[in-house]
Structures are given as C-alpha cells and as structure tokens.
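Encoded as structure tokens, the structure appears first; notes follow it.
Computed from heavy atoms alone, side chains included, the values below leave out hydrogens, waters and symmetry copies. Naming: A, B, ... by sequence-line order, numbering from 1 per chain.
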2 protein chains.
Amino acid sequence: METITIKDIARALNLSTSTVSRALRNSYEINAETKKLVMEYAEKMHYRPNPIALSLRDSKSKSIGVIIPEIANNFFSQLINGIESIAYSLGYHTVIFQSHESYEREVANTNYLVSRKVDGLLVSLSSLTTDLVHFEELIEKGMPIVFFDRVPNDIETHKVVVDNFLGSYEATEHLIQSGRRRIAHLTSPIYLSIATERLAGYKKALEDNGIAFDESYVKYCHHGGKLTTENEAAMQELLSMPEPPDAILAASDRLTSGCLSVLHKNHIRIPEEIALVGFTNIGVADLLNPPLTAVVQPAMEMGQQAVELLIRLIENPKKISKFETRSFKTSLMVRESSAGSRS
Amino acid sequence: METITIKDIARALNLSTSTVSRALRNSYEINAETKKLVMEYAEKMHYRPNPIALSLRDSKSKSIGVIIPEIANNFFSQLINGIESIAYSLGYHTVIFQSHESYEREVANTNYLVSRKVDGLLVSLSSLTTDLVHFEELIEKGMPIVFFDRVPNDIETHKVVVDNFLGSYEATEHLIQSGRRRIAHLTSPIYLSIATERLAGYKKALEDNGIAFDESYVKYCHHGGKLTTENEAAMQELLSMPEPPDAILAASDRLTSGCLSVLHKNHIRIPEEIALVGFTNIGVADLLNPPLTAVVQPAMEMGQQAVELLIRLIENPKKISKFETRSFKTSLMVRESSAGSRS
DNA sequence: GTGAAAGCGCTAACAC
DNA sequence: GTGTTAGCGCTTTCAC
C-alpha cells in the first residue's frame, strides 16, 4: 500500500540504497542488469521519489511561487494560465498566493514561499505596498524574482509590463476624437507605477489635444475599487460636479465595472451622456450594456514571458549583469460605450 | 544572512539541538532561563523553522491541496477565496491546481499534491473524469478528501454541494411562468452529477407543468463550453430547428456567456425572441445586455464549509463513520433576460 | 534539566 | 560496480 522508498527497493533487491539511487538516475557506473532490475521493480511498485526529501537536501523544489493581488480577476487568472502552461512544460510547479491588496499578506506569502524553498518568485505588487525591503533582501540573497504588471521602480530585476502610458494615451485620445472634452480618470492609489503611468498617459493626451488638465476630474480609489462604496463615492463626486464629465477612463478591471454599475444605477446613458473606456480583461466586455470599449492587456503572453525569464534566471545562477524589461502593447477594443455622439 | 537553523542557535548558545528544539516549543522540562535565552536569540536572529524538514519528519505539511477545473471562472475563484480565508485562519496553507477539465491533469495534480504531503484534498471534478480510482485509493489509504460542487456519486466522504435539481427546477418553472413553452437546455457531458441533476430538475419542471420533454431541445457541450466552436454549433442546431426554442436554460458559467454571445451575433432579441437563464456567478450579470437572469451559487460559503469539513477530517483521524453532504440552495436572480413577454 | 542518537527519504563523497 | 556514511533541519526517545 503506502508509498515505497528507495530503502524498500534496496531491501527487496538486496542492494544498497545508493546503488538503487544510482540505478534509478541511470548512472553510468551501474551494471546494466542491476539497473534493469531496479527500474523494473521500481516501476512495478509505483516508486515515486519523495520531493520533500529532495527539497530538504537540495534546498530547491522545482516549483515557483506566484504572488498576485487576487485571483478573481480575469487579467490575473489569464496570466496564471500563461504561467502554468510554460512552467508545467518545463517541469516546474506553480504555487499561487493572493495578497488581497494587503501589504502584510504579501510579506507573509513571500516568507512562506521562501521557507517552502520555491526556486523563484513571480510577483505583481499589492496596491498598498510601498515598502519593498522584503523583496530587496531576497534578491540580495540571490533569490530569482521577476515582477510583472505592477512592478517596482526601484528594484533591478527582470520585469514584464505593458505600455501603460501608451494604452492610457490612446484611450484618452480616442475619447477626445469621439468628441469628449471633460474626461475624468478613475484610478487607484499612486503607489503603483501602473497608476502613475496611466495617469501620465491620460494627461499627455489631454495636453497634446489642447485640453487643460483638471485635477478635480481625477479620482483615486484607495482600495482599487475593491470596496464598492469607495467606487460609488468617487463617482458621485464626479456626477455632482458643476460640470460633470462627459467621459470616464477607468484604470482597472474593478474600477471599470464599478463605474459602469454606478452609471447604470443613476440612469445615465452611455455613451450619450457619459462615455466609458476602461482597462479590463473581462471576457464579456462585448456583451455588456453597452458593449464596453476596453484597454486589454495580453495577459496570457505576459505570464508566459514572465515565467520564461524567471526560469532562465533560476537555471542560470551566474549573476546576470543586465536585466530586461519586456514591454507589451495594450490593445484598444473600441465598442459602443465610447461611440462618438457629440462631435 | 541566510536562514538560521536550530543547530546554529545551539552552537551559538552552547547548547544541544534538542534543548533548543524543546525550548522553542516551550517544553515544560526546560529551565525557564534557558528557554528565555533561546527564545530571545531565536527572535533576534529571525529564526523560522524549516517547514520542509518538518514535512519530511511528520509526513504532513499544514497545507491543503485544491483541485478545480479552472481558476478563470468566478464561481471557482470566489470559492477559493472562501477556502483560503478559513484555511488561513486555521493555520493551513492552500495550494491550488487546475485540471483544465482534463482527466490526466487531474490525476497528475493529485499525485503531485500527495507526494508533496498535503494534509488533505479539496476537489471539484473535471468534466471528463469518469474513472475515480485515483481518489478511491487515496481515501482507502486514509487521505482526507472533501468534494465540492462537482462531486462523485460513488465515493463516500464529505461533500459540499448545491441543490442543482431545485435550482434548475426553479429556473425552468420561472421560464414557464413567464410564458415560455419551448425551453432548451444547454449543458455539459453527463458524467458529472451536477449535469444530471440539472437536467432532471429541468425535466421535472416541464413535466409538472404539462410540457412534454423533447430530447432535441437538450444540447450537450462536451467541453463544457470551453470551446466556443462547440458552443456555437450547439446553438446553431437549436436556432435552425423547425420550432426553435423560445427560452434557454444554460447549465454553467461558460455555457451561459457563450450562449448570450451567440444570440447577440445572430441578432436575436432577448427576451422577446428567446429568453435566457443561466447558472453563473459572473459579477457583472446585471450589467449585461440584457441584464441576465442567473442561478447563483453561494460559492464563498461553499468553499468555507468545504475546508471546515476537511480540516475536521484532518485533525480527527479516527475513522468517521458517517460522512455528511452539506447542501446549499441556489438563488434565482430574476432580471430582464427572462422577462415575460408572451404570456 | 540537558545531551546523544536515530530517523524521515534522498544523494554524493569516499571507500573497496 | 557496489556499499558505507554523512548530512539536509527537525523532533523525540532514551540516557544521564
């Protein structure tokens, strides 16, 4: 019944454990006959090496840790699929943890994964992370880490990102071209570089098109839209302005659907009264009412590239001198929610 | 720098490893002073026990494995959140694996988790799993397993499910009451009990309302809607029937949005021409066009109950004589997609 | 009250 | 070509 070990095989075959071990690893120094004997017996008994023992010995585990803000988000779940597919084919296992946008959980997860001897880490920062020492120390110690999407500016390592500036710029310009002038921007705390970049793209597009930037059109949701109340409050402020916006650019999945929801509740016609464009990887964007213009990120590819870089780092421990940052383009999927109606 | 071990502490304090070990576990047989000394030094050096070593020794890991069909699905990701929250508070870690509706991956994941010495397993079957020996053997060996949502009929253990029959019955009856007569049912392969139960509820509702069951109104998508082509094909068949349906009951998340998508593409007015009700936990159901009537499952609670049962099983290894099956009620969220228009 | 030693499963020097 | 041994980090008998 229970799991069989090398020792059991050795005993059964009247060999030493080291011989069995060598035979199983097909070592050149073992007699062909002995090998065959061992292999067949192992096969027959369904022998499987104990990965825990291997991890303890080698301080590695052929597994990589992934820390993301949350799973219940299409962008991240698509990303995970990208990660898993590559990792799996390269013989690595993927262990996923959620920070739930909490700095403490991010740290706790990191520590746990490290103690579990993952060979490397793939991380997308929580929106409330400002202190990065837990990662800096790890990198210092030689732990391979690759950041994606929400990456830190101050850490030198491989990164996989999206051109947020451009994505935001294009979306904003698209709104302008469809005749909007009072474009609001709904975003998350600016700790994250993705938020600053998206804000910058938005500003630049306004500027390039001769529209003055108005700070009161920018609303920050500190929990990134996780709390609906926060979302609604921000939207209410916008709607009750003397000159309410005629378009909104929402900076994340959560923010986008939250925004759409509030507009619905207030019976505001989209796009006639207010146009909406959002960063989102939601699968049903074209089935929404109205079909939603979306800034989409190539999540799957990002995940694939991220693991690829990570595994390269893991398997080439010689200090890499220059790290790369792979940048993807977002794609603007234009749909009704931003249709021109005023130009 | 690197991680510090009990041995390091022992050496530094001129004690034996066993004394240090005992002191850290606050054993009664250790001198208070020694304890204090050890504790403080350990604290100062950020000592953390190596979980791998513990797992190797004790053949357990304070972690539970979760095997689900896929993460990129609101129902499952909400469920995971339920699992994680409870597991975390009880000191267990959660390791998530996706079967991607593949029997082989399900088996591979199971084996891996077992070899990694998870203390228990939480599983929702892949839609293509018909052979259950891999789970049966494990249970035989004493591995705690709790199934949820997609549960096997033939295995005796704790289960957490939803009353699929009733959910389906209510949804169907609702369609009938809103004036529909030719109600189609879009479902996945009937290997899964959830599929047979939903089908049964649908049939019974028809019967109870004097509508003859017509097999040609039932379409099976073998990949559960994972393949859009499959989905479209099934829908096309329905639409090209001499008497196409005037309503559709979709049996899963994927199937529901796929169905909605095809109806859109074919410019079929919902609910005027065809009404739609679907099993789905999608968050934006009320933002869809039209707002979607949904059979919603209490995913979070199901996850919480499932871990709770599992951990009870883990921590009470004495053979439990009777296993329980906890059953939740679905809730029918009536929205426009099934509004009455013909009665 | 504390230490020595064995063992969890595996591999790799180092014998012979 | 095969066996012996030590060690990865930890706990736990068994001694003293």
* **Side-chain-base donor-acceptor pair under 3.5 Å for Ser18(A) and dT4(D)** => yes
* Is there a donor N/O on one and an acceptor N/O on the other, under 3.5 Å, for the side chain of Arg22(B) and the base of dT13(D)? -> yes
Hey, does the side chain of [X] come within less than 4.0 Å of [N]'s phosphate (OP1/OP2), counting only N and O?
X        : N      : answer
Thr5(B)  : dG9(D) : no
Ser59(A) : dC8(D) : no
Lys7(B)  : dC8(D) : yes

* 5' to 3' contact window, DNA chain C with chain B (heavy-atom distance under 4.0 Å) -> dG1(C) to dG9(C)
* Asked: Under 4.0 Å between a Lys/Arg side-chain N and an Asp/Glu carboxylate O for Glu324(A) and Arg326(A)?
  -> yes
Nearest-Å distance for atom pair [atom1]/[atom2], residues [X] and [N]:
X         : N       : atom1 : atom2 : value
Glu29(A)  : dG3(D)  : CD    : C1'   : 12 Å
Lys117(B) : dC10(D) : NZ    : P     : 19 Å
Lys60(B)  : dT11(D) : NZ    : P     : 11 Å
Asn50(B)  : dT11(D) : CG    : P     : 10 Å
Asp8(B)   : dC10(D) : CG    : C1'   : 13 Å
Tyr47(B)  : dC10(D) : OH    : C1'   : 7 Å
Ile6(A)   : dG3(D)  : CD1   : C1'   : 14 Å
Leu54(B)  : dT12(D) : CG    : C1'   : 13 Å

* Asked: Counting side-chain heavy atoms from CB outward, which of dG1(D), dC10(D), dT5(D) is closest to Thr17(A)?
  -> dT5(D)
* To do: Could you tell me whether His158(B) and Phe148(B) have their ring centroids closer than 6.0 angstrom?
  => no
State, without any angle test, whether [X] and [Y] hold a side-chain donor-acceptor pair at a distance under 3.5 Å.
X         : Y         : answer
Gln98(B)  : Asn81(A)  : yes
Ser18(A)  : Ser21(A)  : no
His134(A) : Glu106(A) : yes

* What nucleic acid atoms does Thr34(B) come within less than 4.0 Å of, heavy atoms only: base, sugar-phosphate, or nothing? -> sugar-phosphate
* Asked: What does Ile52(B) touch in the nucleic acid at a heavy-atom separation under 4.0 angstrom: a base, only the sugar-phosphate, or nothing?
  -> nothing
* Using the closest heavy atom to pick a nucleotide of DNA chain D for each, name whichever of Thr19(A) or Arg57(B) lands nearer the 5' end. => Thr19(A)
* To do: Compute both the distance and the angle, then confirm whether Arg48(A) meets the cation-pi test with Tyr112(B): under 6.0 Å from the six-membered ring centre, within 45 degrees of the axis.
  => no
* With a cut-off of under 6.0 Å to the ring centre and 45° to the axis, is Lys159(B) in cation-pi contact with Phe147(B)? -> no
